[in-house]
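The structure presented is a predicted model; accordingly, all values stated were derived computationally and were not measured.
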Amino acid sequence: MNLKIAVLSGDGIGPEVILQAKKALYAVGVVFDHEFVFEDALIGAVAIEKTGTPLPEQTLNLCLNTDAILFGAVDDSNYDLVSNSKLCPIQGLLKLRQALGLYANIRPIKPYNDLLDLSPLKRKIIEGADFIIFREISGGSYFSEKKSNEQGTLASDLCEYSEEEIIRISHLAFRTAQKRQKKLTLVDKASILETSRLWRKVVTEIAEGYPDVTLEFLLVDNAAMQIIINPKQFDVILTENLFGDILSDEASVITGSVGLIPSASLGNSTALFEPIHGSYSDAKSKNIANPIASIVCAAMLLEHFGLYVESQKVYEAVHKAIELNVVTADLNPYSKFGTNEVGDFISNYILSKDDLYFKSDNVYIGQSTIV
């Protein structure tokens, strides 16, 4: 298979972690005889600095004419989000989602067995947790009408959804539930919000076409609590933009590190793959950022194109790195491995698990000897 992949590394640690994802994909290409053509483009703060806009036209044109997008992070830390919101780096990502018609953000939440003790939650609560959050990302208060008065004393963000926006992501979520434990939980605030009542109405109607999937409803405040006290009850969670943004970040505590969680944003004709950890600019160029989320994004990209064996190879390599403690300091404070070393280990494992250039005996005892 030949794939053209736009690489939008962005700001902060974005370029470092996305480089490791590219290494993994290159290794997959070598082993399975695929060709991945990467083309870099600017977005976020670095795009503002060089072009005056967070989403240059050249970047958008590339993304409109590519098979998939690998995305790093954007950094708003040096920008005034209040007085000049239109020139903030995050606007580059929001405009890109809108221009590409991306509507479903998918975040898998599944802790690694070897890292269960990293979570602040008790092992007995999170062990065995395995669910996916489907967050609608094209509508709601993020993209509807926004107003404020001239005095800056009154503001509003309209939350608006159409049936079509709800229908398309709901079918994705139901089809995924059919392949898993056949349970879907709609999270809303139907006790108060008209948009949530529309969600319930539409999703209930769609559920009739999926009789093998159990549909449940959960108010968002209760859902926020249940994700923490009993995450194993969930299989597929479906929700609107704002609720999904908050709940999916909250759910990252289950894994013990935001550096482990990937995401995919899907549209009708393209897909964007992005780690959830953000720019973490304090770690920029220090070789300490955890690249696993970005590498798992590469695995999700392969799955998206039906390359399941190749994707499983990447997952296997990630599990082996964690098993052997070839991880960054956020996962093991005594680790001598950095971003590049973790990426090298994983890509080399994909190339040949029996010919690693790490001495496995030393890896097991936490030394970073490289042959």
Any [X] side-chain heavy atom under 4.5 Å of [Y] side chain:
X: Ile192; Y: Lys189; result: yes
X: Phe337; Y: Thr328; result: no
X: Leu64; Y: Leu100; result: yes
X: Lys50; Y: Leu42; result: yes
X: Ile261; Y: Pro275; result: no
X: Pro262; Y: Ile276; result: no
X: Asn290; Y: Val258; result: no
X: Val220; Y: Thr239; result: no

Testing the 3.5 Å rule here: is there a donor-acceptor pair between the side chains of [X] and [Y]?
X: Asn230; Y: Gln226; result: no
X: Glu240; Y: Tyr142; result: no
X: Ser263; Y: Arg135; result: no
X: Glu136; Y: Tyr161; result: yes

Check this for me: [X], atom [atom1], are more than 12 non-hydrogen atoms of other residues, nucleotides or ligands nearer than 6.0 Å?
X: Phe36; atom1: CZ; answer: yes
X: Gln178; atom1: CD; answer: yes
X: Asp33; atom1: CG; answer: no
X: Lys183; atom1: NZ; answer: yes
X: Lys284; atom1: NZ; answer: no
X: Gln181; atom1: CD; answer: no

[atom1]-[atom2] distance between [X] and [Y], expressed to the nearest 0.5 angstrom:
X: Ile254; Y: Ile125; atom1: CD1; atom2: CD1; value: 10.0 Å
X: Ile137; Y: Leu93; atom1: CD1; atom2: CG; value: 8.0 Å
X: Asn105; Y: Ser138; atom1: CG; atom2: OG; value: 11.5 Å
X: Ser335; Y: Ile288; atom1: OG; atom2: CD1; value: 11.5 Å
X: Leu186; Y: Ile166; atom1: CG; atom2: CD1; value: 9.0 Å
X: Ile322; Y: Lys320; atom1: CD1; atom2: NZ; value: 12.0 Å

Any carboxylate oxygen within less than 4.0 angstrom of a Lys/Arg side-chain nitrogen, looking at Lys146 and Asp157?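 Yes, Lys146 and Asp157 are salt-bridged.
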Could you state whether [X] and [Y] fall into the same hydrophobic cluster, counting links through intermediate Ile, Leu, Val, Met, Phe, Trp or Tyr residues with side-chain heavy atoms under 4.5 angstrom apart?
X: Ile227; Y: Leu116; value: yes
X: Ile90; Y: Leu272; value: yes
X: Ile106; Y: Ile133; value: no
X: Leu70; Y: Val37; value: no

Gln151: side chain to side chain contact (heavy atoms under 4.5 Å, CB included) partners, not counting sequence neighbours: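 Gln151 satisfies side chain to side chain contact (heavy atoms under 4.5 Å, CB included) with Asn149, Thr153 once adjacent residues are dropped.
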Donor-acceptor pair, [X] side chain versus [Y] backbone, under 3.5 Å?
X: Asp75; Y: Ser279; value: no
X: Arg107; Y: Ala264; value: no
X: Asn241; Y: Gly140; value: no
X: Asn61; Y: Glu57; value: yes
X: Thr255; Y: Ser252; value: yes
X: Ser311; Y: Leu307; value: no
X: His34; Y: Met1; value: yes
X: Asp11; Y: Ala45; value: yes
X: Thr53; Y: Ile48; value: no

Measure across [X] and [Y] and return the closest heavy-atom pair with its distance rounded to 0.1 Å.
X: Ala47; Y: Pro54; result: CB-O, 3.8 Å
X: Glu303; Y: Tyr308; result: O-CE2, 3.7 Å
X: Val187; Y: Leu219; result: CG1-C, 4.5 Å
X: Ser170; Y: Val203; result: OG-CG2, 3.5 Å
X: Ala41; Y: Leu62; result: CB-CD2, 3.7 Å
X: Phe243; Y: Ser196; result: CE1-OG, 4.1 Å

Could you walk me through whether Lys201 and Glu163 pass salt bridge (charged side-chain N to carboxylate O under 4.0 Å, His left out), step by step? CA-CA 9 Å; Lys201 171 183 172 290; Glu163 278 191 342; 3.1 Å; yes
For a salt bridge (charged side-chain N to carboxylate O under 4.0 Å, His left out) check, start with the C-alpha distance between Asp130 and Arg180, then their side-chain angles and the critical distance, and finish with the verdict. CA-CA 10 Å; Asp130 180 1; Arg180 292 171 50 87; 3.3 Å; yes
N/O donor to acceptor pairs below 3.5 angstrom from side-chain atoms of residues 12-30, sequence neighbours left out:
from	atom 1	to	atom 2	distance (Å)
Glu16	OE2	Ser285	N	2.6
Gln20	OE1	Lys23	NZ	2.9
Gln20	NE2	Glu16	O	3.0
Gln20	NE2	Asn340	OD1	2.9
Lys23	NZ	Asp344	OD1	2.7

Could you walk me through whether Asp235 and Leu184 satisfy the side-chain contact (heavy atoms from CB on, under 4.5 Å) test, starting with their C-alpha distance in whole Å, then the side-chain angles of each, then the deciding distance to 0.1 Å, before giving a yes or no? CA-CA 6 Å; Asp235 180 28; Leu184 187 146; over 6 Å; no
So is Arg175 actually on top of Tyr210's ring, under 6.0 Å and inside 45° of the axis?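 Not flagged: Arg175 not positioned over aromatic ring of Tyr210.
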Go through the steps to decide whether Leu331 and Leu115 satisfy the test side-chain contact (heavy atoms from CB on, under 4.5 Å), and finish with yes or no. CA-CA 8 Å; Leu331 303 183; Leu115 300 176; 4.0 Å; yes
Stepwise, does the side-chain contact (heavy atoms from CB on, under 4.5 Å) test hold for Thr195 with Glu160? CA-CA 7 Å; Thr195 48; Glu160 190 171 69; 5.6 Å; no
Step-by-step side-chain contact (heavy atoms from CB on, under 4.5 Å) determination, Ile169 to Glu165: CA-CA 7 Å; Ile169 189 173; Glu165 289 171 328; over 6 Å; no
Could you check Glu316 against Tyr349 for side-chain hydrogen bond (donor to acceptor under 3.5 Å, both in side chains), going step by step and ending with a plain yes or no? CA-CA 9 Å; Glu316 180 186 333; Tyr349 185 93; 2.8 Å; yes
